[in-house]
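Below, chain A is the first sequence line, B the second, and so on; all start at residue 1.
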Amino acid sequence: MSDLLDQYPQDLRAALTIRFVEQRLLKLFSEGKLFGTVHTCIGQEFVGVSVARCLNDADTLFSNHRGHGHFLAYRRNIVGLIGEIMGKSVGVCAGRGGSQHVQQDGFYSNGIQGGIVPVTAGMALAHKMQKTGGVGVVYVGDGTLGEGALYESMNIISKWDLPVLLVNENNLFAQSTSQTQTLAGDINARAEAFGIKAWHSNTWEWSKLFDNMKACIEEIRRTGRPAWHRVDTFRLMAHSKGDDNRPEEYVQPFREKDPINALLKQYEHDPRWQALIREIEAEIEQAVQQAEGAPWGTVDDAMARNTQRARGYRWVRKSFEKEKGVASVRKGLEQGMADHEHLVVIGEDIESPYGGAFKCTQGLSARWPERVRNTPISEGAIAGIGNGLAMRGMLPVVEIMFGDFMTLCMDQWINHAAKFKFMFNDKVRIPVILRTPMGGKRGYAATHSQSIEKHFLGLPDTQVLCLHHRYAPALMYADLFRTIELPTLVIENKILYGQNVHAEPPAGFDLLFTDEVFPTARLKPELGAHGQADVTVVCVGGMSIDVEEAAVRLFQDEEIVCDVFMPTRLYPFDVGVLEQSLTETRRLLVVEEGQGFAGFGAEVIAQAAERFGHLGIAARRLSATPNPIPAARPLEQQCLPGASAVVNKAMEIVREFVH
Amino acid sequence: MSSSTEPTPTSGSGAGVLAEIRVPRETVNDDVVTVQDWHARHGEHVRVKQLVCSIETSKAVLEVEAEAEGYLEIIHAKGAEVPIGALVGRVMQSVPGEGAASASPAAAISESNGHSAPARSSNRLRDRIESKRSDAHAPVGSGAAAPGALAAPDASGHQLPDAPITTQTISKKAQRLIDEHQLDPRSIFAGLGLVREVDVIRFLEKRVQARKQESPPEPPSPAEWAKIEPMPTPEPRVQAAAVNSAYLPGKSKGLFGDAAASAKDRGNRSVMWLAWNYLWRNWFLGHMVRIAPRGVILKLHKMRGVKMGRDVFIDPTAIVETAFPENITIGNDVRITAGCVIMTHIKAPHYLRETGLVPVVLKPVVLEDHCFIGVNSVVMPGVTVGKASVVTSGSVVVNNVPPYTMVQGNPAKVIKQFPRPE
Ligand SMILES: Cc1ncc(C[n+]2csc(CCOP(=O)(O)OP(=O)(O)O)c2C)c(N)n1
């Protein structure tokens with residue numbers, strides 16, 4: 001048998017480095033120098049090493065909460081990791097990410113079990129489309145075999161022939177819970193059920209693991225097919241610092257047969273080995289010192305960039321073709337596909353001839369079959385695939401068939417899309433677009449009619465756009481594709497699809513727009529020098545149609561004059577756009593179709609109270625009644641606000657508040 | 001989409017109708033679709049299965065065939081936007097009369113009003129904007145990927161130059177005045193998009209002023225009442241000290257109650273005066289106003305001491321102060337309607353008065369010119385109801401009502417401000 005030190009110098013060095021770095025981290029923790037916690041992989045080092053030794057810079061690696069070893073094996077950046085965990089500016093994410101959120105050159109980790117798997121699928125799809133030859137690798141613990149996102153993704157990864165390696169680190173425990181309590185069936189049979197080839201190795205026979213892993217990854221590169229690799233291993237230390245309930249007599253045998261412990265014993269007196277250890281320890285010591293001496297990072301102007309307050313608004317007129325909302329959306333997407341080669345559209349039932357549940361993508365797949373894809377019913381996974389695509393420079397547009405299904409995308413949106421830019425210290429761009437129609441008045445009842453935009457407002461580093469009938473979706477999409485930097489949710493509207501979008505205001509009103517990329521439209525009453533508007537009305541999405549009708553009725557019947565604002569961007573939103581109008585009317589009415597509690601209207605009124613409270617503004621909200629949306633038309637009409645409700649509410653506020 | 005509000009087809013009732021041509025529902029998106037083309041002329045003979053009409057939806061173009069042989073009647077012309085289920089044409093037994101074939105698409109839209117609420121609303125709006133500023137909003141070509149063509153903001157950056165206004169929305173109230181005076185709003189209110197009643201009044205005021213300089217004044221029209229000067233109102237005489245003393249607690253419970261208690265309490269009034277006052281003015285006349293013919297009522301009130309101007313109306317069931325009518329001043333052209341109570345004094349029961357919990361109140365009331373006291377309203381002592389103000393029915397007015405104001409409720413609150421002719 002040839003000498004291991006000669007045969008695997010780099011790999012042994014990597015494994016030892018991981019072990020010593022983590023031991024040093026535990027020491028730093030005890031010394032009170034770490035804020036938060038550390039999940040160590042002591043005992044599992046060879047998994048990360050076995051994978052990293054087969055990867056090159058074209059590949060992408062996704063890791064989880066226990067990712068130090070994966071990172072060090074792949075990126076070998078000791079000071080970057082220690083600095084990150086100590087929270088210093090020399091850390092790879094300058095202290096914004098911490099132990100579970102590490103990022104550097106094709107390495108990403110996140111602390112949501114299973115959530116990173118669809119992102120990996122998206123990244124692998126991008127590799128495939130861009131023909132980089134890169135493979136996407138993702139680690140999942142055995143505890144994570146309980147997560148649904150994993151299986152949604154495995155289905156797609158296999159169906160779409162994506163070059164993905166799923167490494168299952170089977171250490172028998174999830175936090176405190178033994179696998180015997182939570183795992184049904186066979187692990188590898190899961191992969192095989194999806195038609196994914198399943199491999200099986202362990203860290204105790206690590207040279208065999210190296211060979212298997214090499215063969216497995218080579219096969220992925222050769223066939224373009226995904227693979228699943230179960231690696232049995234054992235975590236010797238606590239899940240997180242100091243929370244190990246496993247009896248010592250259970251852990252002890254594993255400690256004895258641990259491969260690094262075995263090596264340490266085997267080469268104890270070998271001068272080469274001693275030199276290696278000294279070298280690594282010196283490197284680590286130096287890294288710790290460098291990190292300790294380094295300054296803290298900053299959160300710079302994060303606050304400012306997410307609460308844009310404009311420098312006064314300029315109003316301009318715009319014109320666009322009058323057409324059905326759905327035609328304009330389709331036109332916008334089509335133009336985007338033509339203008340941006342990296343634009344990809346995915347979603348359920350979007351391919352021609354069906355062309356989407358609301359026909360927004362009709363014809364696209366016929367023209368661009370490679371870039372328009374039907375997906376399985378897996379909203380969480382396709383949102384994550386969008387994230388992965390965007391992270392590799394694609395411009396993904398994900399259609400979520402009904403806004404109600406956005407709940408299934410929540411984790412991808414909130415814990416992935418919204419987090420990566422900041423958490424990874426602004427090194428990651430994630431220009432993903434989710435399009436989805438909200439709104440009722442079509443009799444689709446409780447789970448297909450909701451307006452749940454409020455749940456997506458206020459997530460830093462995202463933007464929420466919202467279509468209304470006074471701004472052409474085609475223009476909005478053209479601008480979005482041109483300017484997108486942040487994850488963007490576009491809320492379309494089912495009623496609007498069948499209504500005309502047009503720039504001709506009702507008689508007596510002028511239609512103006514702020515000169516922003518995503519403008520707020522305004523129906524400004526033309527009253528001449530003497531006149532003043534009575535009430536400032538802000539409306540969300542499809543309510544624009546009802547509010548406009550109400551504004552005309554209110555004037556004709558009651559001589560109540562409305563100054564109507566229709567924001568195209570709901571988040572970030574700056575109430576400054578209403579300043580001039582509120583100064584005149586001192587009455588504010590916000591109309592939304594969703595639930596009012598903690599909704600957009602609440603935000604607008606709160607901002608108005610903060611900014612313009614000295615004007616003594618009276619405010620009202622109009623929103624849905626607090627119950628699920630019923631199916632029958634008369635019942636639905638009682639619950640969702642329409643033009644008459646707007647008229648009544650406006651009259652109420654004008655009567656009650658006489659200035 | 002019901003048929004109850006369908007436009008009336010040219011050839012009357014259902015007689016002679018062989019088949020109807022209706023808009024089918026094709027996609028989930030559309031409530032309103034467009035008649036893209038007719039493939040046969042109005043009155044033309046069509047056969048079964050013959051393609052007669054194309055309907056454009058947001059998804060596709062639907063081909064509609066005739067289901068009977070006969071003569072085509074076109075109800076909604078090419079280009080019309082019609083709701084799902086609408087009757088766009090019919091196949092008739094005989095050649096139909098002049099149909100909508102020649103009508104403009106805009107007409108078809110307004111005809112299709114009155115279906116479901118959203119459809120009606122959008123149609124109504126669309127109808128009105130049809131002619132709106134077509135020059136200012138020339139559509140851009142479909143290739144326009146850049147943000148829409150912009151009208152440049154002016155240098156100051158905040159205010160746009162006014163676009164020429166060619167159509168207006170006129171409020172119903174303004175329309176009433178416009179009709180009454182046969183005005184042409186387009187020329188008179190050019191530059192105004194929303195025309196309110198006050199705009200019309202302002203115009204009429206100016207016109208009257210201009211005419212007055214040319215010729216002697218005409219009798220005032222309803223729109224000109226606003227500038228009639230109120231008659232000089234005499235200072236209300238309130239002898240609070242003297243009268244209040246009449247209400248001081250007394251021992252005697254004689255015929256005239258507290259008022260006749262003692263010479264000191266009575267102030268300078270003689271017992272005979274009080275007797276006369278009570279019997280004649282407060283009791284006799286006070287009852288007569290309720291049964292007297294209308295023409296006499298006002299005279300009786302004046303005899304009671306109420307001061308009033310011209311053209312006053314007081315309903316027989318109104319109570320215009322029982323004890324101190326002389327403290328009430330009413331201007332010109334005032335209406336006090338059924339069941340109203342105008343009070344200048346408050347006199348609580350002995351206990352409340354004597355303990356001081358509810359002191360006696362005696363204050364004048366002034367109802368200025370043109371004001372209107374709605375049925376069953378109460379005007380409390382000390383209140384002045386301003387010129388041309390309205391107290392809506394059932395209100396209890398405790399505070400002064402400013403001129404040109406409508407109040408409502410108990411206590412009455414301002415609910416509306418009328419435009420004031422300046
Ligand atoms: C979605 C989600 N649920 C729960 C947790 C909390 N959590 C962190 S690690 C962990 C156990 C994971 O077990 P396993 O997947 O086997 O990985 P291991 O820790 O054994 O490496 C849990 C429950 C989490 N981070 N994310």
## Note on the structure
Highest number of heavy-atom pairs under 4.5 Å with chain A among B/K172, B/R196, B/Q417, B/E197 belongs to B/R196

### Query
Can you find a heavy atom in the side chain of A/E526 that is under 4.5 Å from one in the side chain of B/L194?
no

### Query
Which is it for A/Q499 and B/V32 under the side-chain contact (heavy atoms from CB on, under 4.5 Å) test, yes or no, and what are the steps along the way?
CA-CA 7 Å; A/Q499 294 277 345; B/V32 177; 5.5 Å; no

### Message
Does B/E63, at its CD atom, have more than 12 non-hydrogen atoms belonging to other residues, nucleotides or ligands within less than 6.0 Å?
### Response
yes

### Summary
Note: vs chain B, highest number of non-hydrogen pairs under 4.5 angstrom among A/F555, A/F657, A/Y477, A/F481 is A/F555

### Query
In terms of heavy-atom proximity below 4.5 Å to chain B, should A/V561 be classed as side chain, backbone, both, or neither?
side chain

### Query
side-chain contact (heavy atoms from CB on, under 4.5 Å) between B/K416 and A/V654: does it pass, once the steps are laid out?
CA-CA 9 Å; B/K416 190 171 193 142; A/V654 169; over 6 Å; no

### Query
Just wondering, do B/E81 and A/N500 contact through their side chains at under 4.5 Å, heavy atoms?
yes

### Gap between atom CD of A/Q556 and atom CD1 of B/I170 - 0.5 Å precision
9.5 Å

### Query
Under 4.5 Å between any side-chain heavy atoms of A/E559 and B/K173, yes or no?
yes

### Query
Which pair of heavy atoms, one from B/T167 and one from A/A507, lies closest together, and at what distance?
OG1-CB, 3.5 Å

